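So the structure is just underneath, and the comments pick up after that.
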Amino acid sequence: MTISFHDVYFAYPDTPNKPVLNIPSWTVASREQVFVHGPSGCGKSTLLNLLSGILAPTQGELSVLGKRLDKMNYRQCDRFRANHIGYVFQQFNLIPYLNAVENVHLATHFSEHGKTSVKQEIEKLLAKLNISPDDWHKQSNKLSTGQQQRVAIARALINKPELLIADEPTSSLDQHNRDNFMSVLMSLITENNITLVFVSHDMSLSHYFKRIDALSEINSLERGR
Amino acid sequence: MFLKLALKSLLNRRGSVILTLMAMTVSIFVLLAVEHIRYQAKDSFANTVSGVDLIVGARTGSLNLLLYSIFHIGSPTNNIAWESFEDIASSPQVSWAIPIALGDSHKGYRVMGTTLDYFKFFNYGSRRTLNFDKGHAFNHVFDVVIGSDVARKLGYSLDEKLVLSHGIASTSFSLHDDHPFTIVGILKPTGTPVDQTLLVSLEGIEAIHIDWQHGTKVPGKKITTDQIEQLDLKPKSITAFMLGLKSRMATFDVQRNINNYMKEPLLAILPGVALSELWQMMKVLENTLRLISVLILTAALLGLSAMLLASIRERNHEVQLLRAIGASPIFLFMLIELEALLITLLSASLGMLMLYVCLVTIEDFLASDFGLYIKSNFLSENVFYLLLIIIISTVVAAAIPSLNMYKSAKMLQ
């Protein structure tokens with residue numbers, strides 16, 4: 001089991017009486033690719049932040065890759081995230097003033113991933129993601145949105161994570177770039193045996209996935225809404 | 001990578017960073033300049049005279065006497081009679097006496113009439129005597145020895161002839177052009193007003209004024225140089241004189257005797273006491289300057305802090321991203337601190353460069369117009385501590401935006 005939620009309850013510390021999430025049970029198996037859909041404002045970012053250990057659950061058991069995140073302190077969570085979890089956002093995936101190579105390199109800075117031959121690995125990965133070498137050293141805010149999102153995949157995968165979290169990664173892309181993005185992503189995920197949690201409200205992407213979960217089903221607070 | 005991130009982030013916000021950098025540079029420049037000049041001025045004044053037990057002149061303020069006799073700042077109030085000098089110099093407690101006659105100049109540099117004892121007994125710094133770079137002391141009436149700055153600035157060498165002018169303005173029209181002097185010696189640099197001085201014998205001073213009355217030439221009355229050398233050139237009056245005593249214990253006795261001298265009103269001062277009076281006067285000014293420079297630095301540091309704080313709002317996505325790839329809130333705190341430190345370090349380097357350039361440019365002006373010898377090398381232990389304080393203040397001031405960054409990293413939403 002890669003992900004397992006058990007009676008996880010979360011409310012922000014400043015509003016303890018307004019719970020955002022209550023997940024009685026939700027599991028994702030190793031190497032599974034899950035499409036989670038739901039409208040915005042139903043605890044999507046909170047779920048992903050819990051999953052990546054940026055937020056700690058108020059109550060309940062949450063284990064990722066066999067480790068109890070709810071038992072870890074902040075520092076251990078940061079370390080764990082750097083080593084085992086890749087994250088792709090909707091947009092602003094790159095530090096705008098660094099170039100593509102530096103952005104990917106920055107991700108290795110926080111992990112315990114072997115630091116030798118990082119450069120070759122980065123270049124290999126960027127090449128695989130169809131980023132032409134001419135663009136490797138361009139400041140990342142000068143790249144097109146499609147290129148930026150693909151560099152984001154490279155950044156998320158450079159530390160060879162076991163789990164990849166994608167938070168609406170295609171919503172800023174046009175049809176062509178979206179298909180391009182999805183096919184590269186799916187092939188890399190399969191090739192590297194990575195578990196994928198992909199969140200989007202765009203149901204047209206669901207055909208890439210075998211398992212499709214509705215967030216409103218996972219989060220009991222949203223059930224029946 | 002950490003450093004690269006901070007550097008590139010600053011470069012990305014060039015506009016506001018450069019303005020902050022300039023504010024910091026100016027403030028560090030002011031702080032270091034005030035501190036250096038304050039320190040050096042004291043040093044320079046204290047080094048100008050040593051081993052002189054008493055300075056005697058016409059009755060005036062003790063500071064005034066010190067300033068015009070030693071530092072050549074301001075004008076003497078009155079002359080004293082040669083007989084008084086001879087009388088006091090021959091008293092049993094006195095080991096040596098150096099008479100000084102001021103009032104003439106050469107191209108803005110002051111001319112001082114004295115005796116050969118000046119070269120023998122006058123000390124500066126830590127008891128160093130005057131040394132000749134070239135040539136020797138004056139032997140004849142129309143011989144002149146020049147200070148190192150005079151030689152360098154006016155490009156003079158030995159055996160050249162020069163004409164003294166009456167009064168101390170640099171553009172005097174009343175020249176003693178009928179009696180040119182010959183350069184027989186050039187002194188080594190001392191870092192004191194001696195470097196800016198031309199030294200002649202008292203007889204020389206007497207000789208060029210022999211056909212003068214009431215500060216102007218008497219027309220038609222011409223005496224040749226040969227004739228002058230035949231005359232008795234014993235001076236009638238001098239400006240002041242310095243005394244060295246056989247025993248320092250006698251200083252106050254001799255001082256009291258001189259101050260009570262019956263034949264004319266005289267004033268004897270201890271150079272050290274007069275200097276400390278000067279410091280007392282300068283202290284208020286000094287502290288004011290210091291306070292202002294500290295306030296300027298505070299303002300610049302607050303500006304730096306405000307600039308960084310404003311940047312944090314626009315860096316929300318960056319925080320989120322760095323957190324997602326595993327950066328801890330501490331890392332983000334340190335990132336802002338590092339950005340602040342980079343600005344301060346660069347400002348400190350620029351400020352020091354600016355100070356160095358300024359000191360090199362105004363060095364000569366300060367020396368010639370104020371008798372202040374400020375070294376252009378300002379690196380000292382003092383400066384090191386100041387820089388340390390500036391760095392610590394930066395860390396403290398940058399803690400405000402850094403904490404903000406830390407908080408926004410901790411509670412992402």
Side-chain angles (χ1 to χ4, degrees), chain A residues 10 12-15 20 43 45-46 48-49 51-56 73-99 102-113 115 118 139-141 152 155-156 158-159 161 165-167, chain B residues 1-21 307-308 310-340 342-343 346 401-413:
Chain A
F10 181 83
Y12 284 103
D14 43 346
T15 52
V20 186
S45 332
T46 312
L48 298 184
N49 280 334
L51 207 50
S52 58
I54 289 176
L55 293 175
N73 63 27
Y74 275 112
R75 187 178 299 188
Q76 287 166 325
C77 279
D78 290 339
R79 180 79 44 81
F80 181 78
R81 181 164 63 252
N83 287 327
H84 303 288
I85 301 175
Y87 208 119
V88 179
F89 295 100
Q90 185 173 352
Q91 50 182 349
F92 307 113
N93 265 300
L94 305 175
I95 305 276
Y97 45 83
L98 298 182
N99 64 37
E102 287 165 342
N103 261 293
V104 181
H105 195 196
L106 183 64
T108 66
H109 179 81
F110 301 100
S111 78
E112 284 145 7
H113 182 71
K115 301 260 152 99
V118 171
Q139 202 165 301
S140 61
N141 54 7
R155 195 216 64 226
I158 188 67
N159 291 324
I165 298 168
D167 181 4
Chain B
M1 200 70 209
F2 186 36
L3 188 68
K4 195 174 183 179
L5 192 65
L7 269 176
K8 289 218 167 179
S9 145
L10 288 176
L11 276 176
N12 188 45
R13 286 173 286 131
R14 263 173 235 108
S16 55
V17 169
I18 285 175
L19 286 176
T20 312
L21 194 73
M307 186 275 287
L308 289 171
S311 80
I312 293 194
R313 199 159 300 172
E314 67 199 47
R315 297 174 78 178
N316 231 330
H317 294 298
E318 214 178 307
V319 176
Q320 204 167 357
L321 177 62
L322 284 166
R323 287 288 284 139
I325 61 175
S328 60
I330 299 285
F331 177 90
L332 290 156
F333 179 91
M334 299 299 273
L335 183 64
I336 301 298
E337 284 283 6
L338 182 65
E339 286 183 8
L342 282 174
I343 291 178
L346 189 57
S402 302
L403 272 174
N404 221 282
M405 187 78 152
Y406 180 85
K407 271 207 286 209
S408 84
K410 224 140 198 184
M411 319 202 240
L412 262 179
Q413 284 68 30

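Chain A is the first sequence line, chain B the second, and so forth, proteins listed ahead of strands; every chain is numbered from 1. Remember, predicted model here, so these are calculated numbers, not experimental data.
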| request: Search all heavy atoms of Asn12(B) against all heavy atoms of Tyr97(A) and return the closest pair with its distance. | output: ND2-CD2, 3.3 Å
| request: Side chain from CB out, backbone as N, CA, C, O: work out which of these in Arg155(A) comes under 4.5 Å of a heavy atom of chain B, or both, or neither. | output: side chain
| task | Name the region of Phe80(A), side chain, backbone, both or neither, that has any atom closer than 4.5 Å to a heavy atom of chain B. | result | neither
| query | To the nearest 0.5 Å, what is the distance between CD1 (Ile325(B)) and CG (Asn103(A))? | reply | 8.0 Å
| remark: One option among Leu98(A), Asn141(A), Leu106(A), Leu94(A) has the most heavy-atom pairs under 4.5 Å with chain B, and it is Leu106(A)
| said: Can you confirm whether Arg79(A) is buried at CZ, in the sense that more than 12 heavy atoms of other residues, nucleotides or ligands lie under 6.0 Å from that atom? | reply: no
| field | Taking every non-hydrogen atom, the tightest pair across Phe331(B) and His109(A) | value | CE1-NE2, 4.0 Å
| query | Is the shortest heavy-atom distance from the side chain of Glu102(A) to the side chain of Leu5(B) under 4.5 Å? | reply | no
| field | Matching residue for Phe92(A) among Glu318(B), His317(B), Gln320(B) - test: side chain to side chain contact (heavy atoms under 4.5 Å, CB included) | value | His317(B)
| Under 4.5 Å from a heavy atom of chain B, the part of Gln139(A) involved | side chain
| remark: Here the pair of heavy atoms bringing Ala82(A) nearest to Gly326(B) is CB-CA, 3.9 Å
| Checking Ile330(B) against chain A: side chain, backbone, both or neither under 4.5 Å from a heavy atom? | neither
| message | If I measure from the heavy atoms of chain A, does Arg315(B) come under 4.5 Å with its side chain, its backbone, both, or neither? | response | side chain
| note | dist Gln76(A):CD -> Ser328(B):OG (nearest 0.5 Å) comes out at 13.0 Å
